[in-house]
Amino acid sequence: MNKIQMKTPLVEMDGDEMTRIIWQMIKDILICPYVDLKTEYYDLGLVYRNETNDQVTFDSAEATKKYGVAVKCATITPNAARMPEYNLKEMWKSPNGTIRAILDGTVFRTPIIVKGINPFIPTWTKPITIARHAYGDIYKNTEFQVPAGAKAEIVVTNADGSISRELIHDFSDGAGIVQGVHNTDKSIAAFARTCFNYALDTRQDLWFATKDTISKKYDHHFKDIFAEIFEANYKEKFDKAGIEYFYTLIDDVVARVIRDKGGYIWACKNYDGDVMSDMVATAYGSLGMMSSVLVSPDGIYEYEAAHGTVQRHYYKHLKGERTSTNSVATIYAWSGALRKRGELDGTPELCAFADKLEAAVITTIESGIMTGDLYSLSTLDNKKSVSTEEFLDAIKANIES
Ligand code: NAP
Ligand code: MG
C-alpha cells in the first residue's frame, strides 16, 4: 500500500508519563502504517528538558514558528515532588506557558462528542469551543491589604510626567483590600484577531461577553477593540462564510450557553475562561475527550490534548499492570495537526486521512468499545471496557474496514 506523503514536517513535541507511552503507540499503530510521517522531533519529556536546561522547549517553540504546525504530548509541570523524582536542577516552568508566551497564542478547547456519552446539559448536542484570553486581569494583579485609616488611590504617571489620580476608597471606617489590574490594547487586539480567524477557519459563530455595563472603561474597552477590528477586517469575511459575531453581557451569555445547542466559539476574558472552561469540560463528560489547540494571531497552530500526563495510570503501567487510558484527545491532536498541515501544504489526501482517523475513533466508541473512563459514563447497552492498546487496535481495525 502506498503511504500518504507529506510535503512539510510537523513539529513533534514528545512528553511525559502515560501520555508518552500513548504517543508512541498512536504513531506505531494509527499513523505510520498509513502516512510517511515527517516530523522535526523535540523531546519535551522532563528528563531531556532538565538535561538541556529547558532549552529544548524554547527550540520547539521557535521551530513551530518556522513550520507553522506542531503537535504536543502532555508534559509534567514540575512541583516540589518532582524535584527528587527527576533529580531536577531547577523547578522548570510549564512548557505550555513558555510556548504560549513565545507564540503569543490563544488556547481553544473543544469537547469530542460521541453517542452514549451524554453531556450533563441535555440541550448540548454540538461542541462548545472555549477561547480564553491568557493575558492580564487578575492573573497579573497588584494587591494590598489595607489598614483602617488608609486611603487607596490609582495613580497613572504619563510619559510627559503629568499625573492622573483617582480615589478607589477611603478606608477611614475600617480595614479592607485593594487590587490593581491591567491589560494592553496589543494583547486584547491579538486575542480578538485570533478568535475571528479561528471562527472563519472552523466556520463557527463567535460569541464574546464582558461586564461592560458595570466596568464602563475596562471591560468596555474589550468590547470596543473587538468591535473595531470586526468592522474593519472581518465583517465581510464573516458574511461570506455565513457566520456571525455576537457580543453580549456575560450574564446573558451564560443563560444562552445553557439553552443553546452548541456549535459556536465562546471567547472569554481571562478569569471567565479559566472558570468556564472547567465547567464546560466537566459538563461534557471526560477530560480524555477534550481537545485543545493553541493558535497565534498570525496563524500558527499547536495541537494537544487538554488533559495532563495521567500519572496514576503510568505508575500502574510501570508495574506491568493493565491500563485503560483514553487516547482520544491525543489522537485528535495528531489528526488536527495532520489536517492543518494538509490544508497549508495543499495535500488533500492528508486531510482525508485525518478525517478517516477521527471517524474511526468515533465509530469504535459508538460500537461499544471504549476505555474505562468512558465505560463509567456511557449509556450504551453493549459497552465494553478495553485496555489502552486494545482500544487503539480497535480503531485501527475500523480504519481498515
Ligand atoms: P491529568 O493527568 O489530566 O489527570 C487527572 C486525572 O484525570 C487522572 O488521574 C485520571 O483519573 C483522569 N484522566 C485524565 N486524562 C485521562 C485520560 N486520557 N484517560 C483516562 N483518565 C484520564 O492531571 P493531573 O493528575 O493533575 O496532572 C498530572 C501531570 O500532568 C502533572 O505533572 C501536570 O503538571 C501535568 N499536566 C500537563 C498538562 C499539559 O501538558 N497540557 C495539562 C495538565 C496537567 P483516574 O486516575 O481517576 O483514572
Ligand atoms: Mg481553571
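The residues of the chain are indexed from 1 along the displayed sequence. Note that ligands are numbered from 1 as they come in the structure, with each ligand's atoms numbered from 1 the same way.
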Can you give each donor-acceptor pair under 3.5 Å made by side-chain atoms of residues 286-295, sequence neighbours left out, with the distance rounded to 0.1 Å?
| unit_1 | atom_1 | unit_2 | atom_2 | d |
| --- | --- | --- | --- | --- |
| Ser286 | OG | Gly288 | N | 3.0 |
| Ser286 | OG | Asp373 | OD2 | 3.0 |
| Ser291 | OG | Thr110 | O | 3.0 |

Can I get a per-line list of side-chain donor-acceptor pairs under 3.5 Å for residues 257-265, giving both atom names and the distance, sequence neighbours left out?
| unit_1 | atom_1 | unit_2 | atom_2 | d |
| --- | --- | --- | --- | --- |
| Asp260 | OD1 | Gly262 | N | 3.1 |

Let me have the donor-acceptor pairs involving side chains of residues 393-400, under 3.5 Å, with sequence neighbours excluded, atom names and distances please.
| unit_1 | atom_1 | unit_2 | atom_2 | d |
| --- | --- | --- | --- | --- |
| Lys396 | NZ | Tyr34 | OH | 3.0 |
| Asn398 | ND2 | Thr364 | OG1 | 2.8 |
| Glu400 | OE2 | Tyr34 | OH | 2.6 |

Measure from every N or O atom of ligand 1 to the protein's N or O atoms and keep only the pairs below 3.5 Å, writing each with atom names and distance to 0.1 Å.
| unit_1 | atom_1 | unit_2 | atom_2 | d |
| --- | --- | --- | --- | --- |
| ligand 1 | 2 (O) | Gly308 | N | 3.4 |
| ligand 1 | 2 (O) | Thr309 | N | 3.1 |
| ligand 1 | 2 (O) | Val310 | N | 2.8 |
| ligand 1 | 3 (O) | Gly308 | N | 2.7 |
| ligand 1 | 18 (N) | His307 | NE2 | 3.3 |
| ligand 1 | 18 (N) | Asn326 | O | 2.8 |
| ligand 1 | 19 (N) | Asn326 | N | 3.0 |
| ligand 1 | 30 (O) | Thr309 | N | 3.0 |
| ligand 1 | 30 (O) | Thr309 | OG1 | 3.2 |
| ligand 1 | 32 (O) | Arg82 | NH2 | 3.1 |
| ligand 1 | 34 (O) | Thr77 | N | 2.9 |
| ligand 1 | 40 (O) | Lys72 | NZ | 3.4 |
| ligand 1 | 40 (O) | Thr75 | N | 2.9 |
| ligand 1 | 40 (O) | Thr75 | O | 3.4 |
| ligand 1 | 40 (O) | Thr75 | OG1 | 3.4 |
| ligand 1 | 41 (N) | Asn96 | ND2 | 3.4 |
| ligand 1 | 41 (N) | Glu304 | OE1 | 3.4 |
| ligand 1 | 46 (O) | Arg312 | NE | 2.6 |
| ligand 1 | 46 (O) | Arg312 | NH2 | 3.1 |
| ligand 1 | 48 (O) | Arg312 | NH2 | 2.9 |
| ligand 1 | 48 (O) | His313 | NE2 | 2.7 |

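Using a 4.0 Å cut-off between charged side-chain N and carboxylate O, Arg20 and Asp43 make a salt bridge.
Both the sub-6.0 Å distance and the 45° axial angle are satisfied by Arg132 relative to the ring of Tyr139.
Aromatic pair Phe196/Tyr245: centroids less than 6.0 angstrom apart.
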